[in-house]
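Here's the structure we're looking at; comments come further down.
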Amino acid sequence: MLVTIPRAVRRDEPILNRGEACHDPTMTEYSWPDWGSDRDHGARIAAAWPDTLRKLPLGTPVTGKVIGRQRFGVFVAIDNHPDAVGLAEITAMPRCTELPHVGDRVTGHVLWHADHNHQVKIQLTEWAEHADLLLPYPDKIGQAVTGHVTKLAPIGAFVRIADCIEGLVRPERLSNVTVMERQELTVTTLGVDLERPRISLSATERR
């Protein structure tokens, strides 16, 4: 059977790092962090990474200002840590909330450390307030539910399965299923991560 996947999530295309496939210079609502004349910021952040890990362990409360906004998340300048850059990814964002804009003040806590690019992954407080909505879902692993596709991205298809609850179907889990935005889609819950938080889904092939 032919596997039909929209261009945004074709399995034969690489998923680019740092949202390169999402970046559209004509869209002014999105921007990369503006480092100005500081050409050494990357090397400085890398050199300070061991110190960043020590000072910002998992769970540390943080505050800061949004300095970059992309479709995959927002970059945050963390207060009192000038050589650390935070990233709050949309994979941890409830779909009923809005991505913060450049200049917004945000609060949250350290969720993860990305050693490969020296980024501090952040769970925003506003997003975490919705995390309790996921508490019943570990008991639903293996169950099928019908939802609606809300967005297609290089990392897969986001599917709303309940009010303010969305999961991600990665491209390799879309086998034999044609996917379009706003369509109804039956999915199976594969896993629930309450810490990050996120729900992993698999599209259920129609018989």
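All residue numbers refer to positions in the sequence shown, counting from 1.
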Self-check item: Residues Ile161, Leu201; criterion side-chain contact (heavy atoms from CB on, under 4.5 Å); working and verdict
Solution: CA-CA 10 Å; Ile161 56 177; Leu201 304 172; 4.2 Å; yes

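- Counting only distance, with no hydrogens or angles, the side chain of Glu181 and the backbone of Leu152 share a donor-acceptor pair below 3.5 Å.
- With rounding to the nearest 0.5 angstrom, the CG atom of Leu53 is 6.0 Å from the CG atom of Asp115.
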Practice problem: Run the numbers on Arg182 and Met180 for side-chain contact (heavy atoms from CB on, under 4.5 Å), then give the verdict. | Solution: CA-CA 6 Å; Arg182 296 185 295 277; Met180 301 294 291; over 6 Å; no

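- Between His118 and Trp49, the two ring planes are perpendicular [angle over 60°; tilted spans 30° to 60°].
- Open room surrounds CG on Asp163; 12 or fewer heavy atoms of other groups in view lie less than 6.0 Å from it.
- Asp34 CG to His41 NE2: the interatomic distance, rounded to the nearest 0.5 Å, is 10.0 Å.
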Practice problem: Decide yes or no on side-chain contact (heavy atoms from CB on, under 4.5 Å) for Val76 and Val120, but give the supporting numbers first. | Solution: CA-CA 9 Å; Val76 179; Val120 179; over 6 Å; no

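- Checking side-chain atoms of Asp104 against main-chain N and O of His101 turns up a donor-acceptor pair under 3.5 Å.
- To the nearest 0.5 Å, atom CD of residue Glu89 and atom CZ of residue Phe72 are 8.0 Å apart.
- Sequence neighbours left out, the pairs with a member in residues 78-87 that pass salt bridge (Lys or Arg N to Asp or Glu O under 4.0 Å) are Arg44-Asp83, Asp79-Arg105.
- For the pair Val85 and Phe75, the tightest heavy-atom approach, listed with the atom from each and the gap, is CG2-CD2, 4.2 Å.
- In terms of heavy atoms, Ile141 sits closest to Gly191 at CD1-CA, 4.1 Å.
- Counted by atom type alone, Thr150 and Glu166 present one or more donor-acceptor pairs between their side chains at under 3.5 Å.
- By the rule that hydrophobic residues join a cluster once side-chain heavy atoms approach within less than 4.5 Å of another member, Leu190 and Val192 end up as members of separate clusters.
- Checked by atom type and distance alone, the side chain of Thr125 pairs as donor or acceptor with a backbone atom of Thr107 at under 3.5 Å.
- Using a distance-only test at 3.5 Å, with no hydrogens or angles considered, a donor-acceptor pair links the side chain of Arg69 to the main chain of Leu99.
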Quiz item: So Lys55 and Ile78, side-chain contact (heavy atoms from CB on, under 4.5 Å) or not? Walk me through it.
Solution: CA-CA 12 Å; Lys55 292 182 177 179; Ile78 303 174; over 6 Å; no

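- Side chain of His113 to main chain of Leu56: a donor-acceptor pair is present (N/O by atom type, distance under 3.5 Å, no hydrogens or angles).
- Atom CG of Leu174 and atom CG of Leu185 lie 7.5 Å apart (nearest 0.5 Å).
- Between the side chains of Thr186 and Thr146, at least one donor N or O lies within less than 3.5 Å of an accepting N or O.
- Here Lys140 pairs with nothing under the salt bridge (charged side-chain N to carboxylate O under 4.0 Å, His left out) rule; sequence neighbours left out.
- How far CG of Asp51 is from NE2 of His81: 9.0 Å, rounded to the nearest 0.5 Å.
- Across every non-hydrogen atom of Gly86 and Ile122, the tightest pair is CA-CD1, 3.8 Å.
- Minimum interatomic distance between Leu124 and Pro100 (heavy atoms only, all atoms of both residues): CD1-CG, 3.8 Å.
- Between Pro57 and Arg54, the closest heavy-atom pair is CD-O, 3.7 Å.
- Rounded to the nearest 0.5 Å, atoms CD1 (Ile155) and CZ (Arg71) are 13.0 Å apart.
- Smallest separation of non-hydrogen atoms from Val179 and Ala157: CG1-CB, 4.1 Å.
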